Chemist: 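Please see the structure below; I have some questions.
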Protein chains: 2
Amino acid sequence: MTIIEAINQIVSLTNDEKILIENSFSVKRLSKGDLWIKEGQYCNHVAYINKGIFRIFYKDEYGSEISCFFMPKHNFISSYTSFLTQTPTKENIEAIDDVELLIINRDDLEKLSKKVRKIETWRRVIAENLFILMERRIAMLQSKTAQERYEDMMKENGDIILKIPLQYIASFLGITPQHLSRLRKNID
Amino acid sequence: MTIIEAINQIVSLTNDEKILIENSFSVKRLSKGDLWIKEGQYCNHVAYINKGIFRIFYKDEYGSEISCFFMPKHNFISSYTSFLTQTPTKENIEAIDDVELLIINRDDLEKLSKKVRKIETWRRVIAENLFILMERRIAMLQSKTAQERYEDMMKENGDIILKIPLQYIASFLGITPQHLSRLRKNID
DNA sequence: TCTAACACTTAACAAATGTTAATAAATTAA
DNA sequence: TTAATTTATTAACATTTGTTAAGTGTTAGA
């Protein structure tokens, strides 16, 4: 799915609009392990993932990495709080695979939004979806056991779960790698 | 703190704007235990809490109540996903105390936003703050023990924690009432 | 006021999860 | 490729948290 198809699913676009959008984004490639965004930076970009998987993580008070989200291809990614509030981010965004991004910076996104008003609607929908995702994540952490959380994750992200190192998934679920290893043994 | 003072803290207002805003909201009073919003309803209002404390909760697959958030006076409250996406809410919003609200419906909020453009900024800031709150909540549930979560809650919400029934706090923290009772004994 | 319903506490035990440490497997670098 | 490093698995044990059940307030109506 191209970026145009992804946006077109939410707000249907004319050919002219498609061209305007396409020209506003530029390609960026990263290798496995590279950080696209580092903590302390201002995140002034939003990106569409053409290829690969990203991990968003932050460091806790002991310096351990806590994985917040995984984003596979055909989704949009950013350090949203930083992008929206124009403050330094606490998050790191790391390429788990070799990845290909289509990026746009804040100014160009504003210009594009003025030229193509539908982009405003699309931005709102992206924000709303993220909001709903966070609500579901809170509900899950609050009221399900580790095994249920893992099984739910399997159902919803079965396609990418095998490509993500176990330790990252464990951190995402809020458990130790050893415990996740144990759960996997019991489930299979 | 009045609603005008609360908004004025975020976007400074002229006297005319203050009057326009004040006239757009209307008073609603509820008694302890009343539901302002019930699951299944469309939430078409946003409210400022003049007095009292609210609890937002939903029901899990077994019908148990899971408490998501507590909102004390001098904050704004809504079932945001429902309000934003105009879909039926899964949440219930309950008065823990006798409460007094200042409410505005979607249409009037849109009209007000057009008359007082700063209200757009205020709406954005409210959404951003909620977003940050949710991020912190995820981090807490993901990487802290129940005792740490309780102690953090004491630090940040010490003023209201004593007014909220223990069972609701336990559910909010993702633990059983018995376990919270045990933690309290150990801490004091 | 008395009683019934509900909320909170406590304790014993069970289940889930963390910790430590050792080993095996996989990946990376020379 | 081999050696070094990282990652994953396994097991024994410790700690945290859930479950059940009983007892003790507390509150709200009859």
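Just so it is clear, the structure is predicted and the values come from calculations on it, not from any experiment.
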Chemist: Would B:F131 and A:F131 count as a ring pair (Phe, Tyr, Trp, His ring centres under 6.0 Å) if you check the C-alpha gap in whole Å, the side-chain angles of each, and the deciding distance to 0.1 Å?
Modeler: CA-CA 7 Å; B:F131 197 84; A:F131 197 85; 7.0 Å; no
Chemist: Taking five pairs at each end, how big is the angle between the two axes of the helix from C:dT1-D:dA30 to C:dA30-D:dT1, to 10°?
Modeler: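 Overall, the helix from C:dT1-D:dA30 to C:dA30-D:dT1 bends by 50° from one end axis to the other.
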Chemist: Could you verify whether a donor N or O on one side chain and an acceptor N or O on the other, from A:T89 and A:E39, lie under 3.5 Å apart?
Modeler: no
Chemist: Do any of residues 58-73 of chain B sit with a heavy atom less than 4.0 Å from DNA chain D, and if so which?
Modeler: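 The answer is none.
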Chemist: Residues two or more places apart in sequence or in another chain: which of them pass side-chain hydrogen bond (donor to acceptor under 3.5 Å, both in side chains) with A:S82?
Modeler: none
Chemist: Does C:dA11 have its OP1 or OP2 closer than 4.0 Å to a side-chain nitrogen or oxygen of B:K185?
Modeler: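 Result: yes.
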Chemist: Test of understanding: with side-chain hydrogen bond (donor to acceptor under 3.5 Å, both in side chains), list the residues that count as partners of B:D152, not counting sequence neighbours.
Modeler: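 Counting only residues at least two positions away or on another chain, B:D152 forms a side-chain hydrogen bond (donor to acceptor under 3.5 Å, both in side chains) with B:K144.
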Chemist: Between B:E91 and B:S79, is any side-chain donor less than 3.5 angstrom from a side-chain acceptor?
Modeler: yes
Chemist: Taking CD1 from A:I187 and C1' from C:dA16, how many angstroms apart are they, rounded to a whole number?
Modeler: 14 Å
Chemist: Can you give one letter per nucleotide of nucleotides 17-30 of chain D, 5' to 3': B if a protein heavy atom sits under 4.0 Å from the base, S if only from the sugar-phosphate, - if neither?
Modeler: BBBB----------
Chemist: Using whole Å, what does the distance between atom P of nucleotide C:dT17 and atom CG of A:N186 come to?
Modeler: 11 Å
Chemist: May I ask you to check whether over 12 heavy atoms, not counting those of B:K90, lie within 6.0 Å of atom NZ?
Modeler: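 No, NZ of B:K90 has 12 or fewer neighbouring heavy atoms, counting only those of other groups under 6.0 Å.
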Chemist: Ignoring hydrogens and angles, state whether a donor on the side chain of B:E151 or B:Q147 is under 3.5 Å from an acceptor on the partner side chain.
Modeler: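 On atom types as modelled, these side chains qualify, holding a pair under 3.5 Å.
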Chemist: Nearest whole Å is fine: how far is D:dT16 P from B:E148 CD?
Modeler: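 Going from CD in B:E148 over to P in D:dT16 covers 10 Å.
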Chemist: Residues in side chain to side chain contact (heavy atoms under 4.5 Å, CB included) with A:I161, at least two apart?
Modeler: A:Y150, A:M153, A:M154, A:I169
Chemist: Check each residue of residues 161-170 of chain A for a non-hydrogen atom within less than 4.0 Å of any atom in DNA chain C, then write out the ones that pass by number, or none.
Modeler: none
Chemist: For A:R55, check side-chain hydrogen bond (donor to acceptor under 3.5 Å, both in side chains) against everything at least two apart and list the hits.
Modeler: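 A:R55 satisfies side-chain hydrogen bond (donor to acceptor under 3.5 Å, both in side chains) with A:E65, A:S67, A:E94 once adjacent residues are dropped.
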Chemist: Looking at residues at least two apart in the chain, or sitting in another chain, which of them share a side chain to side chain contact (heavy atoms under 4.5 Å, CB included) with B:Q178?
Modeler: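 Once residues adjacent in sequence are excluded, the partners of B:Q178 under the side chain to side chain contact (heavy atoms under 4.5 Å, CB included) criterion are B:T176.
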Chemist: Rounded to whole Å, how long is the line connecting atom CD of B:Q142 with atom C1' of C:dG18?
Modeler: 16 Å
Chemist: Name the atoms and distances for all side-chain donor-acceptor pairs under 3.5 Å in residues 42-54 of chain A, with sequence neighbours left out.
Modeler:
from, atom 1, to, atom 2, distance (Å)
A:N44, OD1, A:R106, NH2, 2.4
A:Y48, OH, A:M1, O, 2.7
A:N50, ND2, A:E100, OE2, 3.1

Chemist: What residues, two or more places apart in sequence or in another chain, satisfy side-chain hydrogen bond (donor to acceptor under 3.5 Å, both in side chains) together with B:E110?
Modeler: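 Checked B:E110 against side-chain hydrogen bond (donor to acceptor under 3.5 Å, both in side chains); matches are B:R123.
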Chemist: What residues, two or more places apart in sequence or in another chain, satisfy side chain to side chain contact (heavy atoms under 4.5 Å, CB included) together with A:A146?
Modeler: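 For A:A146 the side chain to side chain contact (heavy atoms under 4.5 Å, CB included) partners, ignoring immediate neighbours, are A:R149, A:I175, A:H179, A:L183.
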